[in-house]
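Everything below concerns the one structure shown next.
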Amino acid sequence: MTGKTPSWHLIPKTGYREIESFLREREPVCVGACSRFISGNTNVWTIKADSTTAAYGGSGGSSIAGLLLHSRNSLYPIFTGSGEIPLPKFLTRFLRRASIHSVQGLCSDTEKLEQGMESRGYKISDRIDYDLMTLDSEPLPGSFKAGPVGLVLRKPAESDTEALFRLHSAYEQEEVIPAGGYFNPDNSLKTLKKILYQEQILIACLDGEIAGKINTNAKSFTRAQIGGVYVRPEFRGLGIAARMSAEFMKQLFADYKGISLYVKKRNAAAKSVYRRLGFTVSGDFRISYY
């Protein structure tokens, strides 16, 4: 024991190579944070491993024991489950000038940051727990046989935008908007346009109608993260989600080595679909809203 409390440091972009090494080691459980880091529009603080935190440092040459990433209005703690890592002393000063709307990460890491933010006056408006699930090979063969006869899977065309917006709006209101939040159509349309421009998306059509959609919502070094999986209520129970997901993920494996996603713990139907595809639970994930 050195007796010296390890401290956090804001890392300049010249020091990002070591941060990348740290993130790559943990990529399956932090695709969203990796994606934000790659985008470059972030602040990153790290704490180095010493005699009190060495057990939690990187195994690939990185001496980083913990990382806190700030992007837009969100914080992404990656403390690697260590109870030894202290909260940043600068947190009080930082929260005075930053507007934080969410904290996202593994439950153990998020809980630690929640406690620190609560002691500094931040109150949680909603907290959603998820199963973090991962897939490291193509979907299981049986999932490609799901779905009704006549199901058409394709990329959306410009003429689909209005119908797709209705679908995306329903998805956000059912799955995304936290308790106490409100649905903003303009923001929803902006998000959809961003997905169409930056992400990969597939729609499922039945009897001439768009019945469902699936898209990526983050891409990291070697993995893609799935989000926006939604099937209209009147088309559920037909196997559309399984078939749509299988075909979409097969395409993703042409460019990525693995796929991650998180699904609400109470959503048994969705978890059943993902297990059918071959996903396994890799951890507990949480988003806390402020």
Side-chain angles (χ1 to χ4, degrees), residues 4-50 52-117 119-120 122 132 194 198 216-225 227 258 260 262 283 285-290:
K4 182 180 179 181
T5 302
S7 59
W8 289 84
H9 298 278
L10 178 64
I11 304 301
K13 286 183 168 38
T14 54
Y16 275 12
R17 180 174 296 180
E18 188 177 13
I19 294 172
E20 180 178 329
S21 176
F22 175 85
L23 290 172
R24 281 182 179 273
E25 293 173 21
R26 297 156 182 81
E27 186 181 6
V29 299
C30 60
V31 173
C34 291
S35 177
R36 296 294 193 185
F37 172 76
I38 293 170
S39 75
N41 298 318
T42 57
N43 293 313
V44 184
W45 294 269
T46 65
I47 187 168
K48 296 289 186 175
D50 67 359
T52 63
T53 60
Y56 306 99
S59 59
S62 170
S63 63
I64 297 173
L67 180 150
L68 181 62
L69 188 148
H70 170 229
S71 178
R72 297 178 183 173
N73 296 318
S74 296
L75 289 172
Y76 299 81
I78 307 174
F79 300 157
T80 60
S82 171
E84 301 292 338
I85 295 177
L87 283 172
K89 291 183 178 180
F90 64 80
L91 196 59
T92 300
R93 184 174 66 256
F94 172 75
L95 292 175
R96 287 197 189 110
R97 59 182 176 82
S99 177
I100 300 301
H101 294 168
S102 72
V103 173
Q104 306 182 31
L106 292 175
C107 279
S108 56
D109 296 340
T110 304
E111 285 174 353
K112 187 178 186 70
L113 191 55
E114 283 175 356
Q115 294 168 7
M117 293 180 67
S119 68
R120 291 159 175 83
Y122 265 69
L132 176 64
K194 181 179 178 181
Q198 296 184 352
T216 56
N217 61 12
K219 299 170 184 176
S220 58
F221 307 106
T222 66
R223 303 183 73 86
Q225 182 169 280
S260 299
Y262 46 87
F285 192 86
R286 173 178 290 177
I287 300 179
S288 296
Y289 295 94
Y290 293 86

[X] and [Y]: which non-hydrogen atoms are nearest, and at how many Å?
X: S99; Y: N73; value: O-OD1, 3.1 Å
X: S119; Y: G116; value: OG-O, 2.7 Å
X: C107; Y: R286; value: SG-CB, 3.7 Å
X: L68; Y: P88; value: CD2-CG, 4.1 Å
X: S35; Y: A218; value: CB-CB, 3.9 Å
X: Y16; Y: V44; value: OH-CG2, 3.8 Å

[X] vs [Y] side-chain heavy atoms within contact, under 4.5 Å:
X: I19; Y: L69; value: no
X: L67; Y: I11; value: no
X: P86; Y: I47; value: yes
X: H70; Y: I100; value: yes

[X] (side chain) donor-acceptor with [Y] (main chain) under 3.5 angstrom:
X: R26; Y: F22; answer: yes
X: S260; Y: P28; answer: yes
X: K112; Y: P77; answer: no
X: S63; Y: K48; answer: no

Regarding S71 and T42, is there a side-chain donor-to-acceptor distance under 3.5 Å anywhere?
no
With distance as the sole criterion, is a donor-acceptor pair present between the side chains of T222 and E27 under 3.5 Å?
yes
Which distance, rounded to the nearest 0.5 Å, do you find between the [atom1] of [X] and the [atom2] of [Y]?
X: I38; Y: K219; atom1: CD1; atom2: NZ; result: 11.0 Å
X: I78; Y: Q104; atom1: CD1; atom2: CD; result: 11.5 Å
X: Y76; Y: I287; atom1: OH; atom2: CD1; result: 8.0 Å
X: L113; Y: S108; atom1: CG; atom2: OG; result: 12.0 Å
X: C30; Y: R223; atom1: SG; atom2: CZ; result: 10.0 Å
X: L75; Y: W45; atom1: CG; atom2: CH2; result: 7.0 Å

R72: what forms a salt bridge (Lys or Arg N to Asp or Glu O under 4.0 Å) with it, not counting sequence neighbours?
none
Tell me every residue that passes side chain to side chain donor-acceptor pair (under 3.5 Å) with S39, counting only those two or more places apart in sequence or in another chain.
none
Measure from NZ or CZ of R120 to the centre of the six-membered ring of Y122 and say whether it is under 6.0 Å with the direction within 45° of the ring axis.
no
With sequence neighbours left out, write down each residue that passes side chain to side chain contact (heavy atoms under 4.5 Å, CB included) with E20, or none if nothing qualifies.
R24, F37, F221
State which residue, out of M117, E114, E111, fulfils the side-chain contact (heavy atoms from CB on, under 4.5 Å) condition with V103.
M117
Looking at the rings of F94 and W8, which for Trp means the six-membered one, are their centres under 6.0 Å apart?
no
